[in-house]
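The model shown is predicted, which means the values in this text are computed figures rather than measured ones. Quick note on labels: first sequence line is chain A, next is B, and so on, each numbered from 1. Values reported hereafter were calculated over all heavy atoms of this structure, with side chains retained and with hydrogens, waters and symmetry mates removed.
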Amino acid sequence: MLSRYLRLHHPARTGPVRPGPAGSSPAKPSPEPFPRGECAINASTSPPAVELRGITKRFPGVVANHDIDITVRSGTVHALVGENGAGKSTLMKILYGMQKPDEGTIAVNGEQVAFGDPGDAIARGIGMVHQHFMLADNLTVLENVVLGSEKAYGIGGRARARIKEISDAYGLGVRPDVLVEDLGVADRQRVEILKVLYRGARILILDEPTAVLVPQEVDALFENLRGLKSEGLTVIFISHKLGEVLSVADEITVIRRGTTVGEADPKKTTAKQLAELMVGSELPSPETRESTVTTEPMLTVEGLRLFETDSEGVERIVLDGIGFTIHKGEILGIAGVEGNGQAELVEAVMGMRSLNAGVLTLDGRDITRTPTRRRREDGIGYIPEDRHRHGLLLEAPLWENRILGHVTERPNSRGFLIDPGAARRDTERIVREYDVRTPGIEVPAASLSGGNQQKLIVGREMSHLPKLLIAAHPTRGVDVGAQAQIWDQIRAARRDGLAVLLISADLDELIGLSDTLRVMYRGRLVADADPATITPEELGSAMTGASAGHLAGGEDR
Amino acid sequence: GSSTTSDSGSTGGSGSASSSSSGGGGKTKGVGMAYDVGGRGDHSFNDSAARGLDKADGELKLDSKELTAANGETESDRVQRLDSLAAAGYNPVVAVGYTYGTAVTTVAKKYPNTTFGLVDSVVDAPNVDSMVFATEQSSYLAGVAAALKTKTGKVGFIGGVQNTLIGTFDAGFAQGVKDTKPSVQLTREYLYKTDPRGFNDATSAAAKAQGMLDKGVDVIYTAAGLSGDGSIQKVAGKSGAWAIGVDSDQFQDPALAKYKNSILTSAIKNVDVAVYDLINSVKKDNKPKVGTNSYDLANNGVSLATSGNFLSDVQAQIDAAKQKIVSGQIKVSSTP
Amino acid sequence: MKKFDKDRVLLGLAAPVLSVLGALIVTGLVLLASGKEPFHAFHVMLTYGSKSDSQVYILNKATPYYLSGLAVAIGFRMNLFNIGVDGQYRLAAFFAAAVGGSMSIPGVIQIPIIILTAMVVGAAWAAIAGVLKVTRGVSEVISTIMLNSIAGIVIGFFLQDGRLGVTDKLANTITTKPIPPGSHLFNFTTQTDPVVGFIVFAGLAGVVYWFVLSRTRFGFDLRSVGRSDSAAQASGVSVKKMVVVSMLISGAMAGLVGMSTLLNQSYQFSTDFPAGIGFTGIAVALLGRNNPIGIAIGALLWAFLERASNGLEFEGYDKEIVGVIQGAIVLAVVIAYELVRRYGLARQQRQVGAELAAAGSDDKQEVTA
Amino acid sequence: MTATATQTPPPAAPRAAGGKGGRTRLSVPVILLIVAAAIIVVSAVRAIAGADDVTSSGQIAGALTGAVPIALAGLGGLWSERAGVVNIGLEGMMILGTFFGAWAGWSLNPWMGVLAGVLGGMAGGLLHAIVTVTFGVDQIIAGVAINILAAGVTAYLAKRIFNVGKAATEGGTPKQSPPIEDIKSFTVPGLSHWLSTLEKHHWFLISDLAGIVGGLVTNISSLTLLAVVLFVATFFVLWRTSFGLRLRSCGENPVAAESLGVNVYLYKYVAVTVSGGLAGLGGVFLAIGTHFYLEGQTSGRGYIGLAAMIFGNWRPGGLAMGAGLFGYADSLQLRSGSDSVHALLLLLAVLLLAMAIWKYVRKAYVSAGFALGFAVLLAVWYATTDTVADEIVQASPYVATLLVMGLSAQRLRMPKADGLPYRKGQGG
Ligand SMILES: Nc1ncnc2c1ncn2[C@@H]1O[C@H](COP(=O)(O)OP(=O)(O)OP(=O)(O)O)[C@@H](O)[C@H]1O
Ligand SMILES: Nc1ncnc2c1ncn2[C@@H]1O[C@H](COP(=O)(O)OP(=O)(O)OP(=O)(O)O)[C@@H](O)[C@H]1O
Ligand SMILES: [Mg+2]
Ligand SMILES: [Mg+2]
């Protein structure tokens, strides 16, 4: 049906592009009762694409959505903003049929609907790109795309042709026969969008699509969104990056604590105002520069190389020729598109991977062959990128999580025995000092929200007065309030001589916090920059490999 | 006798009546039977023991109790089984199978007034009847038959587990073959060295037999309990090949009815005779039969079956061999 | 806070009670379907199973089950599935018996040597699976299954005349040389049969298990690997080393399984040495939820059921029904625990939510959860 | 354990070496070449060592008989694990298959036995599905419980059913069913005979081929043919239909499947139930092959099927190879192949030598050294002995499995969400 739609809006293109069988096939998903095409052009008179009225959704102990009202006009980009846990994703999952509302009604194109599962929503022309990608790594792009909609074009040649057609029409550049596993984040994002288009969706939900993209990729995505909009599709878009929201949205709805608190016109609103609407406080800024950098090196990395043999026995170079020094009181930021070796660098410094070559020196001592535990005892603190995988025992109570990673250190243990009493007392202290919102220290870590989990981790690592802190995406997915708190803690420790290796995808955070910046591309440090002068755009272009060497002037260190 | 299930005779008193008293009365209660794995209805030596019981039961109207071992039991399970029978006053208590050896030693000491029967093993105690069977003698005859019947000049022996008991079958068979026709080539195989699964693994026995048949062996003697069924089937699948059964007359075994025309003969162990003797001695003659009682060709404790009449052409030679054994002219070794 | 704890106790009791009830219902239905009266059967099991000689029997039987359960549970705590306890304990008991039979020195020295041999052999056999897992990535489920079979064959090889075995002509078995009486372990005499002395060691093993896992740094590391190996790795635990070490410990514990039989009952390893206890251990560990007390209860329950089966047979029931009960109990236990766990988690979240909502009312800045 | 099956995408690091990143799937001609080379090497070894049973038709037929039940159990495991449910209960489902197959096979006819055995296995599978999918119990634990339950239930029923009345008079015992009729088997007329004549000449290569082919075309049970059909059908259904795509997606990323409207529970239920049915069929094969239900008949074949499946990298072709390997080794030991195993020492030495050369060429000198060392050791062993101990023959299937797993396990990849609990509406 998208092809029919394409015909409407690209009369020049329809003839040659569409291969016969796809267009003439009777097996297309036909049950879409909503009016199409013309109405998109004349949005104001047609019924709204989506109308949510009085939506309430309760989870055990949490009201995720409470009496939410939203109207999304057809043919617009509608942004949804709100703090972490405000209930945005839940609301979208309800609209997409993945969860059932406890109360409230949904109308799509003026028609009241009730979705039993996503299949129903898809049949109504709704498609969703989830906050976390919904792709099966071990299947090909083609298989991922056709899954669930095999009736439309089969699972073979016709489907492949159709995918190529859509991919070409929107410049997505998707190759149908590669395994998803081999794709980078941006490619996966495009596959997700293609999945939605393949189903002929006319209402697209994008939940935090830009969280993992570099600026250039974000721009490309927005270009795609504008294209879709111009063709009459409706886009619902969620992001924590308010600048983006203002640049792309036609309308903005703000959600706070599970309910709609207001709407904003992007043309008349600033990011600051929007943030205030969201949290009732000012948008904190990572700026406030005062150099605390000393000349004493804390961590030196020289000639680091790392290979990896994958399951097929093919050897890949993951890190090559990495060398840098972090001084006491310095924050070294590493910028880079995800998957270019940052995670491996962190693991190498933590001792979780053995090096193929290179020397690591911590505070004058060679730690190249030191095991992880010794490194932690020697003063490396670690805020992992994936807190669920690397930072917490989700099923264990908070006080056991406080012991994790520091089991050999006071107050957690004496000699070979652990000291539960002291650990519990210290956990209470962390909960107090770091403002971890929890009813007690006996609850499992899984029942805390992501932001509070992160605060617990930061508190734990800081409690052991590290010399070097490895902070990987320390504020990812954390809302503005908690973000500011975490930044403050890092800055305070830097003042006391802490050295920090900071990895982040949030370029504002990176530029705002770092004393020195390096750019990582394909396992190498290809460029360096001065955070005082560099702009996110310049940094972003270096991250894609477009520029190398020293960026944008400033003093060389 | 298969109409009786293990429910039979359950009208007897409960086990809790006299649990710690030593020595049962002996007059009121009947026989306590402790079977090996498989129990009554196994078409093998348990069944044979049960036949002995049934025969005595028919004559004396006993009130008996039958218990059966399970797979993977331990010594204490067997002790407890015998103990509970003796404690409940059953007399005699018959333990079917060599696995009960140690248990009988223990329990017989505890109940000196009860007579215990033990099949296939020897316990030296004043109140134990150790019933041993000269299976090497019947196996010798089987060997004679095999040597006379083979056309390829190759015969085979398959044992379930390589232990002393099965060794007697092996030894007798080998000697019988050799004495009859030295040129005949004997292949001997065991399913397992020690694993008692060897008596319950028809699949392995079938494969072993097939391997032998493929190498030209045309008479196979299998001493491996239930596993033997597998080997007999394979033999039946090859025309001209013969199987020799063991323990009971397997020609008569309903489970093997389809293959009976390939069952040349069986080396029979008449456990029923021994069990019947013991029961009679206790219940009728009041003079318990104790000590080691050997059942051999001479007293018809073991024999070679003739059902099917496949041996009629060589019966004379077999009878001659039997005579020599009975007269002591031939000494059959019981170790291979 | 007081009420909180009481609820937790109730919650803790709910699962076992539910599962035993479930199993009884299933069994009752099976009995009914086969035309038997279930209540009388249960009555028989109870009265027979609680007689004094039954109690001794149950304790003696439960001792190896308990140790086997502990051995399996160590693996479970690490997310390792050691199906190989069966092969480990048999091989261990065999070599321990061979060593014990070849010496004749004072028991105080010889008994420890025998036990140590068993632990070392069990550990070594288990270590093969551990090493294969960490160096070659072979799933321990597969390797331990294979190693069980191989263990049986190894025993078969050595348990022959002229190697480590002696043929017992009368008993039709091949055994190792008997351990001299001076090295028999003490027993506790009771009015009926003696209770095996090794039960003391089993109890001790349980205490050590509890202490090491919940009170030591090592135990903390081990449990963290079981909960999340990636998080444990990041926390500084060498997961590979931990896999091997815990397999070693599990195997050493498995080595103890056969010791009550060897040192208290048979004094030699023969072809009818009890087999299959390693598999019983899996069921027992599941029943006991890897908790030392729970495992003890599981082992006793299992032994009770086996004992009761004899009573059933005596009363004219098919004792095979006990196999049905055992299966039903294990299944009912895993389901009941899962349901209770889920209920508990939901309750916990409700609590977190409720307390935060209470806190949140005076702090308007934070979000829902 | 609360973890859901969603992950953020792992970084796709650049591949520095290896160009396109060869996920090299062997093409058909390459496989044929390898098979041909293998046969030539084996027949050379056979001729040198004079161990004719290595490729005899009896050995091959035995291998096939041994392989089929394992392969069917493994195929069951494949269905279930492709849908994300680990099924260690295969053993129990096989036991159910032997019991119900023998019951109906005896009281009705063998084909009804097949049906009943499959249904029995499916009942076990359904139970596993209920416990793991609906109740979300740990899958390994549930499987163990099902194994215990199946053994208990069948032992009880066997006593109640096979030891009484007509069954008992027809040869049933508490541990054995009365005999089942044979199921139809096929022999390619003429060909078999001609091949067996060829085989008897013990010519290099020709007799080996004749033996192998002969073993595969003589006296083949209809159940074996059924098993072959099921393998082909499984491949087709799972990899060439949309049903299969959906099923596999449940094993890779159930939350993604759910988000596209796939009813994950349904597919898991279907997969696990089919899995039980296949394992049950494996059980029936055993029962009909021996013509009896025997207690303990499966003796761990369910687990070995699982091993074969993992060995085969969760694919039908690989699984068939794994099962074949095990069946071959098992057949060797059952047919008392002391000579054959002795000959295989030489074969192994040759293979290790080849591996040493390969490793040397790839500059993996340490592995090359190890391989060479072992090759020499084996060759010396071969040269200085005439046979190998029975125990080594007996252990060969298990040791072979361990060795092969040790050599290949790291290249395996299981379905990503295999074994993880999944709950509807909890993902994302
Ligand atoms: N499956 C679930 N079970 C229980 N509670 C849930 C579940 N999903 C969400 N919640 C609760 O609902 C709240 C809203 O979550 P939701 O994911 O919608 O937030 P969000 O606005 O998307 O946050 P973010 O910006 O971090 O993505 C969460 O704080 C959480 O407490
Ligand atoms: N699948 C789930 N099952 C149970 N509870 C859940 C689930 N998903 C989320 N929650 C609950 O939601 C809360 C966390 O929600 P959520 O993950 O949206 O927070 P977040 O701030 O977005 O964190 P993150 O950034 O890590 O996603 C916790 O209270 C957690 O218990
Ligand atoms: Mg979230
Ligand atoms: Mg969200």
*asked:* Heavy-atom pairs under 4.5 Å with chain C - which of D:Leu402, D:Thr154, D:Val153 has more of them than the others?
replied: D:Leu402
*Look at C:Val330, C:Leu132, C:Ile335 and state which one has the largest set of heavy-atom pairs under 4.5 Å with chain D.*
C:Ile335
_Between D:Ser396 and chain C, with a heavy-atom cut-off of 4.5 Å, which part of the residue counts as in contact: side chain, backbone, both or neither?_
neither
*Do you know which of C:Val333, C:Ile329, C:Ile142, C:Leu286 has the most heavy-atom pairs with chain D at a distance under 4.5 angstrom?*
C:Ile142
*Which region of C:Ile325, side chain (C-beta onward) or backbone (N, CA, C, O), has a non-hydrogen atom less than 4.5 Å from a non-hydrogen atom of chain D, or is it both or neither?*
neither
*asked:* Between D:Glu391 and C:Val154, is the side-chain contact (heavy atoms from CB on, under 4.5 Å) condition met? List the steps.
replied: CA-CA 7 Å; D:Glu391 284 79 10; C:Val154 171; over 6 Å; no
_Any side-chain heavy-atom pair of C:Glu320 and D:Glu295 under 4.5 Å_ = no
*Heavy-atom proximity to chain D below 4.5 Å, by part of C:Phe81*: side chain
*Is there a side-chain contact between C:Leu31 and D:Tyr156 (heavy atoms, below 4.5 Å)?*
yes
*Select one option (side chain, backbone, both, neither) describing which atoms of D:Val144 are under 4.5 Å from chain C's heavy atoms.*
side chain
*Side chain, backbone, both or neither of D:Ile88 within contact of chain C (heavy atoms, under 4.5 Å)*: side chain
*Hey, could you give me the CG/CZ distance between D:Leu403 and C:Arg136, rounded to the nearest 0.5 Å?*
11.0 Å
_Flag if over 12 foreign heavy atoms under 6.0 Å of CH2, D:Trp103_ = no
*Measure C:Ile321 against the heavy atoms of chain D and call it side chain, backbone, both or neither at under 4.5 Å.*
both
*asked:* On a heavy-atom basis, which atom in D:Ala145 and which in C:Leu331 lie closest, and how many Å separate them?
replied: CB-CD1, 3.4 Å
*Counting only heavy atoms not in D:Phe370, do more than 12 sit closer than 6.0 Å to its CZ atom?*
no
*In Å, rounded to the nearest 0.5 Å, how long is the span from CZ of C:Phe76 to CG of D:Asp138?*
8.0 Å
*Tabulate, in ascending numerical order, the residues of residues 145-153 of chain C having at least one heavy atom closer than 4.5 Å to a heavy atom of chain D, or enter 'none'.*
C:Ile145, C:Met146, C:Leu147, C:Ser149, C:Ile150, C:Ile153
_Nearest atoms (heavy-atom pairs only) where C:Gln326 meets D:Ile148_ = C-CG2, 4.2 Å
*If you look at every heavy atom in D:Leu149 and C:Ala328, which pair is closest and at what distance?*
CD1-N, 3.4 Å
*Part of D:Ile392 within contact of chain C (heavy atom distance under 4.5 Å)*: neither
*Measuring heavy-atom distances to chain C, does D:Ala151 have an atom under 4.5 Å in its side chain, in its backbone, in both, or in neither?*
neither
